[in-house]
Colleague: 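For reference, the structure I am asking about is given below.
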Amino acid sequence: MEMQALDMPEFTPGTVWLVGAGPGDPGLLSLLGLHALRHADVIVYDALVDARVLKLARTGAVLEFAGKRGGKPGPSQRDISHRLVELARDGRRVLRLKGGDPFVFGRGGEEALALAGADIAFRIVPGVTSGIGGLAYAGIPVTHRDTNQSVTFVTGHGVTGDVPDGLDWEGIARGAPTIVFYMALKHLERIAGLLMKAGRSAHTPAAIVARASTPTQQVLETTLGDAARDCAAAGLEPPALFVVGEVVRLRAGLDWLGAAQGRALDADPLGIAGHDPAESA
Ligand code: SAH
């Protein structure tokens with residue numbers, strides 16, 4: 001089936017599409033995202049958007065970078081929202097392209113509210129968020145029946161750049177067996193310390209996944225207690241996810257990327273096969 005047959009919505013001049021580009025691998029872009037790239041006049045993109053995704057843009061589309069570069073601060077959120085409004089009022093088809101999903105720690109909501117306030121029509125195109133899809137590329141499922149029935153997503157970075165104020169660490173530590181942190185590398189030691197203080201064991205399996213789903217993806221398996229030290233020793237850098245919980249152990253059986261490179265997989269990574277709970281009861 002050709003894409004035309006999917007009857008994609010028209011990208012109307014003077015509107016803004018807020019699109020999630022996924023964590024890196026261009027194959028994770030949605031068909032609506034590709035449609036937007038093929039029709040946009042201007043693409044305002046963030047630092048986390050993979051260069052291979054931008055290559056899918058229509059010839060002639062104007063690319064505008066709206067992120068931080070070389071440690072220099074990028075344009076403020078207000079400036080970006082203002083720019084989107086300006087471009088739309090100019091009658092362009094404006095694609096606002098963000099890494100992962102636009103509504104997951106991506107300020108997509110803020111930009112969309114600014115558009116609503118300026119009476120500009122917009123569409124949200126969800127993307128594969130790194131905290132789910134990026135971990136899948138490391139062979140770590142965010143939920144698994146034998147380990148967790150819930151998962152918590154946390155940002156390790158507040159508006160001030162510090163660990164966010166007002167987080168209920170006891171609640172986070174106890175709330176869900178799996179905790180996925182975005183933007184956590186800078187404050188890793190503090191975050192791990194707060195979780196342990198709130199009752200999570202230092203032996204809890206943990207992993208750091210850097211540049212997930214890109215050709216330079218790196219995965220470090222560790223424990224909550226050793227995470228900060230191991231991360232520093234390995235020299236891992238952002239963008240990276242920090243995941244805490246028994247699900248990390250499943251990687252021994254689910255690291256499909258590693259398997260493609262010859263890593264042997266363990267079909268029983270939790271060591272529970274053959275243990276019938278009904279029998280031992
Ligand atoms: N909207 C994005 C998140 C933006 S916040 C999403 O849904 O994924 C930026 C943080 O996302 C980074 O600091 C990092 O923690 C995480 N991140 C985004 N892309 C990543 C990738 N390819 N690998 C690892 N972490 C990533």
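All figures in this text were calculated on a predicted structure; none of them were measured in a lab. Both counts, for ligands and for their atoms, begin at 1 and track the order of listing. We number each residue from 1, following the sequence as shown.
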Colleague: Among all protein heavy atoms, pick out the one at the shortest distance from atom 10 (C) of ligand 1; state its residue, atom name and that distance to 0.1 Å.
Modeller: M183 CG, 3.6 Å
Colleague: Nearest non-hydrogen contact with atom 9 (C) of ligand 1 belongs to which option: V180, L48, I208?
Modeller: L48
Colleague: Between V94 and F11, what is the shortest heavy-atom contact and its length?
Modeller: O-CZ, 3.3 Å
Colleague: Consider every N or O of Y182 and every N or O of ligand 1, then say whether any pair is closer than 3.5 Å.
Modeller: no
Colleague: Donor-acceptor check, side chain of R96 to backbone of V44, threshold 3.5 angstrom: yes or no?
Modeller: yes
Colleague: Considering non-hydrogen atoms only, spot the tightest contact between N148 and S150 and give its length.
Modeller: ND2-O, 2.9 Å
Colleague: Where is the nearest protein heavy atom to atom 22 (N) of ligand 1: which residue, which atom, and how far?
Modeller: P23 O, 2.8 Å
Colleague: Rounded to the nearest 0.5 Å, what separation is found between the CZ atom of R58 and the CZ atom of R38?
Modeller: 11.5 Å
Colleague: Between G99 and ligand 1, is there a nitrogen or oxygen pair with a distance under 3.5 Å?
Modeller: yes
Colleague: Any donor-acceptor pair under 3.5 Å linking the side chain of D101 with the backbone of T129?
Modeller: no
Colleague: List ligand 1 atoms under 4.0 Å from V209, heavy atoms only on the residue side.
Modeller: 24 (C)
Colleague: Ligand 1 and V104, any nitrogen or oxygen pair closer than 3.5 angstrom?
Modeller: yes
Colleague: Using the ring centroid of each side chain, check whether F122 and W17 are separated by less than 6.0 Å.
Modeller: no
Colleague: Charged N to carboxylate O under 4.0 angstrom, D25 versus R52?
Modeller: no
Colleague: So, are E111 and K98 salt-bridged, with charged N and O less than 4.0 Å apart?
Modeller: yes
Colleague: Please work out whether any backbone atom (N, CA, C, O) or any side-chain heavy atom from C-beta onward of R211 is under 4.0 Å from ligand 1, and answer side chain, backbone, both or neither.
Modeller: backbone
Colleague: A240 to ligand 1: N or O pair under 3.5 Å?
Modeller: yes
Colleague: Okay, side chain of S81, backbone of R78: is any donor-acceptor separation there less than 3.5 Å?
Modeller: no
Colleague: To which protein heavy atom is atom 19 (N) of ligand 1 closest, and what is the distance rounded to 0.1 Å?
Modeller: S130 CB, 3.6 Å
Colleague: Check whether any heavy atom of K98 sits under 4.0 Å from an atom of ligand 1.
Modeller: no
Colleague: Is the closest N or O pair between T129 and ligand 1 shorter than 3.5 Å?
Modeller: yes
Colleague: Tell me which protein heavy atom sits closest to atom 4 (C) of ligand 1, plus the residue, atom name and distance to 0.1 Å.
Modeller: F105 O, 3.3 Å
Colleague: Return the residue, atom name and 0.1 Å-rounded distance of the protein heavy atom closest to atom 21 (C) of ligand 1.
Modeller: A212 N, 3.5 Å
Colleague: Could you tell me if any non-hydrogen atom of G134 lies under 4.0 Å from any atom of ligand 1?
Modeller: no
Colleague: Does the plane of the ring in W256 sit parallel, tilted or perpendicular to the ring in Y137? Use 30° and 60° as the thresholds.
Modeller: perpendicular
Colleague: Applying a heavy-atom cut-off of 4.0 Å, say which part of P238 lies close to ligand 1: side chain, backbone, both or neither.
Modeller: neither
Colleague: Below 4.0 Å from any atom of ligand 1, is there a heavy atom belonging to T214?
Modeller: no
Colleague: Going by an N to O cut-off under 4.0 Å, is there a salt bridge joining R83 and E86?
Modeller: yes
Colleague: With heavy-atom distances below 4.0 Å as the criterion, list the atoms of ligand 1 near D101.
Modeller: 1 (N), 6 (C), 7 (O)
